[in-house]
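Every chain is numbered from 1 and lettered A, B, ... according to where its sequence line falls, protein lines coming before strand lines.
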Amino acid sequence: MTALQEVPAQDAAAPAAVRREALHFALRNGKLVTGLAIVLLLLLLGLLGPVLIGGTPNAYGTQPMQPPSGEHWFGTTTFGQDVFTQFVHGLRTTFAVGVLGGGIAAVIGMLVGFVAGYRGGLVDEALNMLTNIVLVIPTLAVLLIINAYLGVRSVGAQALFIGLTSWPWAARAIRAQTFSLRTRDFVDLARLSGASTWRIITREIAPNMSSYLFMTFILLFGGSILIASSLDFIGLGPTEGISLGLMLQNANQWSAMQLGMWWWFIPPGAGITAVVGALYVANVGLDEVFNPKLRET
Amino acid sequence: MRRYFGRKLLVYGLTFFVAVTINWMVPRFMPGDPISSMVARAGASNPAAAETMRAYYTELFGLDQPIWQQYLNFWAALFQGDFGISIWAFPSPVSEVILGAVPYTLALMIPAVLLSWVVGNWFGAFAARRKALDNAVLPVGYVLTAMPYMWLAVLLAWGLGVVAGIFPVAGGYSFSMRPNWSWDFILDLLHHWTLPFASLFLVALGGWAIGMRNMIIYELESDYSNYLSALGAPQRLIRRYAFRNAVLPQITGLALQLGVLVAGALVTEIVFSYPGLGSLILKAIQNQDFFLLQGTFLFIVLGVLIANFIIDIVYVVVDPRTRAGMAGAQA
């Protein structure tokens with residue numbers, strides 16, 4: 001409890017100092033820097049690649065089944081489509097699904113978690129029941145049913161449904177955190193001064209677990225990408241455009257494996273693994289930055 | 001304890017109810033008209049024929065009845081085990097088609113899930129706080145959990161199946177064989193089973209190892225561990241105590257991961273054309289066989305619920321606090 005003695009010293013300058021300290025540790029954390037670098041690199045490739053390369057990812061070419069070469073960096077498919085062009089476009093879709101799906105799930109998870117944790121009582125009981133139900137239902141199975149009946153499937157709809165089904169564990173975790181914060185003195189003080197529930201949640205509780213919320217979003221981000229790729233692979237991906245999961249599906253459907261066209265199925269899978277793995281590693285790094293207990297190890 | 005199981009069963013009951021309701025609602029309230037698309041697919045160009053087909057389907061699905069009546073009919077059919085007739089495997093009933101595929105999925109999933117859980121926990125516990133091992137386990141673990149299941153499956157099938165030629169890459173057994181109880185056939189089954197099993201096992205392994213490692217580190221920092229080491233207890237003993245505490249969240253984690261594991265098994269089966277539920281789903285989607293798809297959905301939900309309940313029972317057996325009615329596990 002040595003930290004208590006420092007309290008008077010931290011007044012106006014405190015938030016800035018905390019931020020500077022976090023930045024100090026963030027820049028020296030190998031996991032965070034490596035993870036973020038990989039994610040940013042792939043994000044840039046996904047954002048700029050389609051602009052620089054041009055061309056449509058699914059356009060049929062004249063040179064089918066070419067191994068990687070100077071002209072086609074990642075080779076071509078059975079239909080002469082350039083795998084690299086598909087890869088950069090697919091990356092873009094993958095990030096879009098991750099951000100949208102993870103974002104929607106994070107927002108729902110936060111709302112449910114905060115309200116259940118802060119309000120308690122009957123509201124908590126009801127929301128907890130809802131959370132448990134959605135938690136138990138296998139997500140992919142629900143998404144299969146919904147997507148199978150959608151005639152035209154877009155990336156946005158896919159992300160929306162992923163977001164709507166993958167929030168429960170986040171809600172649970174945030175509820176538990178809120179529970180431990182709601183009896184603190186500063187929350188009581190805010191309540192005494194007549195602040196509304198919404199204000200207490202957004203001004204008093206959420207800022208005290210902002211690092212936790214951010215990490216939850218990162219995990220949901222990675223999870224959405226993995227679910228979307230499974231969905232694409234089963235054949236319920238977006239009906240237009242390309243994604244890394246769809247590339248894998250095409251490769252599998254047209255027997256790339258049996259034909260030895262490794263350049264068709266290795267890049268998309270490696271792309272997904274790199275994005276999700278880098279996110280997870282960056283998350284561990286963030287944990288170490290925000291949680292001093294973990295720093296020495 | 002009665003309260004604990006009562007709550008759990010209530011949640012599972014409600015979940016099943018919600019799942020059935022989703023199953024009933026999705027075809028009826030989604031944008032688009034399944035009947036029009038079915039008529040269109042049949043390619044009936046003659047308007048009179050199209051109209052007859054439309055009337056036939058409407059009556060077949062009972063869509064001319066009021067909504068609540070349709071809903072009750074749906075439940076009634078369900079309790080009679082009537083999931084409809086499969087279009088892909090016409091004229092077999094859906095339940096029969098699914099029951100034929102379930103053993104393959106279970107034979108793949110149960111060993112892969114249990115073994116990866118046991119080995120992963122053991123590995124994670126062993127690696128925690130051992131610098132060199134930890135530095136090796138952690139990156140490998142993260143790469144494995146980040147891998148899409150189908151990608152590792154494709155890599156294994158390509159490397160060990162197509163290139164090395166050691167394992168077959170398609171089917172549950174050789175096409176030249178008929179299922180029977182001879183040793184040859186069982187060996188052949190095992191031969192086909194190895195790669196899908198290995199791929200499921202490996203992807204799941206990483207997550208458990210990382211989870212266990214983190215939990216052990218947390219437990220080793222707790223008061224009772226410090227107290228024990230202050231008393232001069234051997235490290236082995238402290239680690240054993242830490243493990244017993246750390247394994248509890250991992251059991252809960254297993255229940256939470258079931259959905260992901262099922263999804264992984266489905267896509268792995270598709271890669272290997274393994275004749276389980278995954279391949280069935282692929283066939284159902286390719287052939288627009290909605291009855292089959294919906295039946296499979298309910299089976300998966302039911303399976304996950306049963307597995308959840310088994311894990312709850314295991315939890316009570318493992319954690320004495322739940323038995324004593326103390327706040328060990330949250331419902």
Parallel, tilted or perpendicular: which describes the rings of A:Phe87 and A:Phe74, with under 30° parallel and over 60° perpendicular?
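Geometry flag for A:Phe74 against A:Phe87: perpendicular rings.
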Proximal component of [X], with respect to chain B [non-hydrogen, under 4.5 Å]:
X        : result
A:Leu140 : side chain
A:Leu144 : both
A:Ile225 : neither

Side chain, backbone, both or neither: which part of [X] has a heavy atom under 4.5 Å from chain A?
X        : value
B:Val162 : side chain
B:Thr296 : neither
B:Ile281 : side chain
B:Val271 : both
B:Leu293 : both

Notebook entry, point to check: Is the backbone of B:Asp289 close enough, under 3.5 Å, to the side chain of B:Asn287 for a donor and an acceptor to pair up by distance?
Noted result: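 Answer holds: no.
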Q. Would B:Arg3 count as a cation-pi partner of B:Phe5, with NZ or CZ less than 6.0 Å from the six-membered ring centre and within 45° of the ring normal?
A.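 The answer is no; the distance or angle limit is not met.
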How long is the span from the CG atom in B:Leu277 to the CE atom in B:Met109, to the nearest 0.5 Å?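 CE of B:Met109 is found 10.0 Å from CG of B:Leu277.
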